[in-house]
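One structure below.
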Amino acid sequence: MSRLPVIVGFGGINPAGRTSAHHAYKRMVIDQLDSKKADSTYQSLAALMNMTAVDKDAILSQTLIRRIEKNLFDPSAIRTNKTAQLSNNDGFSFKLKKSQLPGQIPADWHVTNLDDSSVIVTSSLPLDILFPDYRASRVNSAGQLPTGFDPGSLYQSRNHPRGLQLTVYAASDAINSLGIDWDTVRQKVPGDQISVYASSAMGQLDTNGAGGMLQASLLGKRVSSKNCPLSLAEMTADFVNAYVLGSVGATGANVGACATFLYNLRQGIQDIRSGRFRAVMVGASEAPITPEVIEGYRTMGALAEDDALNKLDGHTGPTDNTRACRPFSENCGFTLSEASQFVILFDDELALELGANIYGSVGDVFINADGFKKSIPGPGIGNYVTMGKSMGMVRSLLGEEALRNRTYVQAHGTSTPQNRVTESHIINELAKTFRIGHWPVAAIKAYIGHSLATASGDQIANSLGVWAHGIIPGIKTVDHIAEDVHASNLEFLLKHKEIDPTKMDAVFINSKGFGGNNATASILSPTITAQMLEKKHGKNALTRHQKLNETVVENTHQYDVETIAGKNELIYKFGLGVIEGEELELSEASISIPGHSQKISLEVENPYDDMI
């Protein structure tokens with residue numbers, strides 16, 4: 001019998017704030033919320049930003065995309081080195097500490113002791129040197145976490161790279177807001193039937209990760225023992241397993257550039273559909289706002305530079321960095337962002353049995369490459385396939401009328417001139433093909449920028465908020481759609497769009513990544529999910545679930561209340577609950593793990609029974 005991957009929990013952090021309780025979503029539509037809903041999100045952000053009182057103006061200006069703040073780095077004074085050569089026809093001399101002498105003394109150097117600690121060096125040949133220098137960044141916009149929020153201060157971060165600090169916060173947010181103690185899940189589900197799939201696209205590139213490892217020798221420093229291992233893209237999942245969940249189940253780190261979150265989601269739903277796994281945690285984390293990463297993307301011509309933004313706006317004054325990302329309008333490049341998102345999936349039986357919150361379910365995820373390409377970063381044909389198959393799946397599941405009138409698109413919408421043409425053509429042509437007249441299209445990168453691996457996780461979390469509050473965020477950084485955008489059958493939402501959540505059956509999450517990593521997911525609404533569960537399990541099962549869910553809802557609400565009050569209890573179990581091999585109970589039939597009531601069965605079916 002088929003098993004439905006039900007979304008029972010979610011959490012994370014991005015430039016709009018904390019994901020749980022839909023706060024990050026509500027920050028994007030805060031201008032259209034009633035005062036009670038808006039105030040709860042202001043309070044949530046104030047707690048996150050370590051404010052002593054709610055300052056709405058400061059919250060609005062210090063969230064979402066904005067000018068890069070100096071807590072990350074100073075974009076006006078980025079440290080560099082300038083190469084130079086010292087020479088003199090008669091040679092030259094200089095004084096140096098003995099401890100500063102290179103390990104390999106150049107052959108032309110004559111070294112004379114000056115005293116116990118210093119020497120005089122005389123050189124007859126030109127000397128290549130590096131002068132300390134500084135440069136100003138041409139890119140000054142980024143989607144940064146709310147000002148004042150420091151994830152590393154909330155637990156013993158021990159010089160963790162920023163991406164892993166975000167992982168600990170986001171995974172904790174998802175688990176804490178689940179409303180069900182994770183030990184309850186572990187008592188119901190054998191350890192080998194829980195899986196975790198999470199990663200970053202670029203690894204950890206700041207000075208505590210690969211950045212420090214690669215820079216150390218050139219800066220005259222030593223590589224830390226943590227630089228190399230903590231820099232790996234898979235560490236996002238490894239940290240969740242080792243320090244948050246204590247999971248012994250399947251794990252993996254799928255990487256697909258900007259579609260990475262959906263790559264991990266696909267792995268997770270396949271686990272549940274197979275019937276071999278009952279609970280899955282899916283996520284991604286990315287912290288790419290470093291001078292080196294920004295310069296790398298800038299030299300590709302991919303990022304929105306201040307001068308180009310000013311040219312679009314027709315002025316030479318200070319750049320409006322808050323409007324750097326302008327999907328499907330006149331634009332000049334995307335805006336990097338930092339974020340981490342996680343979703344928790346249960347199979348339908350476990351969701352009902354535990355009274356879990358039902359935020360929706362995953363219809364399917366399709367992934368296709370581009371075929372032969374002219375250039376690796378250029379778009380191709382694969383996204384036509386992923387979008388088309390996703391639409392075909394929703395049509396077969398819900399019918400043509402639902403596809404045409406009760407779905408919308410969360411576009412990749414990066415804000416590059418190339419994306420606005422190619423992605424709009426894909427969506428528009430498929431809308432024509434499936435006879436959709438005015439298909440609503442949203443693009444939330446306008447608010448929070450492009451978080452690379454985490455981008456589609458941001459889109460999914462936002463979509464769950466739409467079903468909870470009935471507002472699809474508009475693309476409010478633009479006032480018109482560019483002339484080269486294909487829009488005959490599309491409704492690009494330049495303003496917030498109010499909907500009846502019970503009449504929006506599905507959303508398409510679209511993602512296009514460098515290298516031809518295309519993915520599209522169909523997320524089914526809570527209403528449709530409940531209807532599917534009732535058809536499979538009956539009304540009585542849904543009634544029992546609703547009763548059990550009352551306590552879960554209260555627990556979820558209580559976590560939100562406590563977090564708004566400033567209580568941030570991150571889950572970080574370093575060195576706790578470690579189990580050695582000698583503590584296991586082994587038999588031919590099973591393995592028993594201390595603390596796990598469910599044994600891991602060793603009775604594995606022969607998958608090739610028809611071939612033996």
Side-chain angles (χ1 to χ4, degrees), residues 10-51 53-67 69 141-151 166 169-170 173-174 177 289 321-325 327 335 337-342 359 410 413 442-451 454-455 457-478 493-498 559-561 563-566 568:
F10 64 98
I13 185 74
N14 66 24
R18 172 166 59 94
T19 304
S20 63
H22 307 293
H23 286 300
Y25 158 81
K26 290 194 291 180
R27 169 61 186 92
M28 298 184 209
V29 296
I30 204 161
D31 53 331
Q32 198 157 323
L33 296 176
D34 63 48
S35 59
K36 183 177 180 181
K37 291 179 180 179
D39 285 346
S40 72
T41 290
Y42 278 123
Q43 291 164 8
S44 171
L45 283 163
L48 203 68
M49 299 165 72
N50 291 304
M51 292 180 169
V54 175
D55 184 338
K56 293 183 179 181
D57 289 338
I59 288 171
L60 294 176
S61 65
Q62 295 173 10
T63 52
L64 307 183
I65 292 173
R66 56 198 188 277
R67 187 173 181 83
E69 297 171 350
S141 310
Q144 301 153 91
L145 302 187
T147 302
F149 174 67
D150 179 11
L166 302 189
Y169 181 89
D173 188 42
S177 65
I289 306 177
N321 298 109
T322 64
R323 294 184 56 246
C325 186
T335 302
S337 174
E338 55 183 351
S340 183
Q341 299 292 350
F342 282 84
Y359 297 105
Q410 283 269 12
I444 64 167
K445 287 182 178 66
Y447 297 89
I448 58 174
H450 192 350
S451 55
T454 315
D458 289 329
Q459 292 164 263
I460 290 174
N462 189 268
S463 300
L464 302 182
V466 171
W467 280 312
H469 297 281
I471 304 171
I472 302 175
I475 310 173
K476 299 194 73 174
T477 56
V478 310
L493 305 179
L494 302 190
K495 297 180 179 179
H496 300 324
K497 182 181 179 68
E498 293 193 10
Y559 166 71
D560 184 43
V561 170
T563 307
I564 287 176
N568 279 291

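When a residue number appears, it is its place in the shown sequence, counting from 1. Note that this is a predicted model, so its numbers are computed, not measured. Just the heavy atoms: all of them, side chains too, but no hydrogens, waters or symmetry mates, feed the values below.
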Between [Y] and [X], is there a side-chain heavy-atom distance shorter than 4.5 Å?
X      : Y      : value
Pro327 : Thr477 : yes
Asp560 : Ser40  : no
Met28  : Lys476 : no
Ile448 : Leu64  : yes
His23  : Ile564 : yes
Gln459 : Ile444 : yes
Leu145 : Ile13  : yes
Val478 : Arg323 : no

Do the two ring centres, one from Phe10 and one from Phe342, sit under 6.0 Å apart?
no
So, taking the atom named [atom1] in [X] and the one named [atom2] in [Y], what distance separates them when rounded to the nearest 0.5 Å?
X      : Y      : atom1 : atom2 : result
Tyr359 : Ile460 : OH    : CD1   : 15.0 Å
Asn50  : Asp150 : CG    : CG    : 8.5 Å
Lys36  : Thr41  : NZ    : OG1   : 12.5 Å
Arg67  : Asn321 : CZ    : CG    : 5.5 Å

Going by the rule side chain to side chain donor-acceptor pair (under 3.5 Å), which residues pair with Asp55 if we only count those two or more places apart in sequence or in a different chain?
none
Would you check if the side chain of [X] reaches a backbone N or O of [Y] as a donor-acceptor pair within less than 3.5 Å?
X      : Y      : value
Thr454 : Ala339 : yes
Ser337 : Gly143 : yes
Tyr447 : Gly474 : yes
Ser61  : Ala58  : yes
Gln62  : Thr147 : no
Asp173 : Ser20  : yes
Gln144 : Glu69  : yes
Thr322 : Arg66  : no
Arg27  : Leu60  : yes

Asn462 and His22: CA distance, side-chain angles, deciding distance, side chain to side chain contact (heavy atoms under 4.5 Å, CB included) verdict:
CA-CA 8 Å; Asn462 189 268; His22 307 293; over 6 Å; no
Are the charged groups of Asp39 and Lys56 less than 4.0 angstrom apart, N to O?
yes
Lys445 bridged to Asp458 by N-O distance under 4.0 Å:
no
Looking only at non-hydrogen atoms, find the nearest pair between [X] and [Y] and report the distance.
X      : Y      : answer
Ala324 : Ile65  : CB-CG2, 4.3 Å
Lys26  : Ala21  : CE-O, 3.9 Å
Ile472 : Ala442 : CG2-CB, 3.8 Å
Pro473 : His496 : CA-ND1, 3.5 Å
Leu166 : Pro151 : CD2-CG, 3.8 Å
Ile289 : Ala142 : CD1-CB, 3.7 Å

Which is it for Gln341 and Thr19 under the side chain to side chain contact (heavy atoms under 4.5 Å, CB included) test, yes or no, and what are the steps along the way?
CA-CA 8 Å; Gln341 299 292 350; Thr19 304; 2.9 Å; yes
How far apart are the C-alpha atoms of Lys497 and Ile471, what are their side-chain angles, what is the distance that settles it, and do they pass the side chain to side chain contact (heavy atoms under 4.5 Å, CB included) test?
CA-CA 5 Å; Lys497 182 181 179 68; Ile471 304 171; over 6 Å; no
Stepwise side chain to side chain contact (heavy atoms under 4.5 Å, CB included) check, Leu464 with Tyr25:
CA-CA 9 Å; Leu464 302 182; Tyr25 158 81; over 6 Å; no
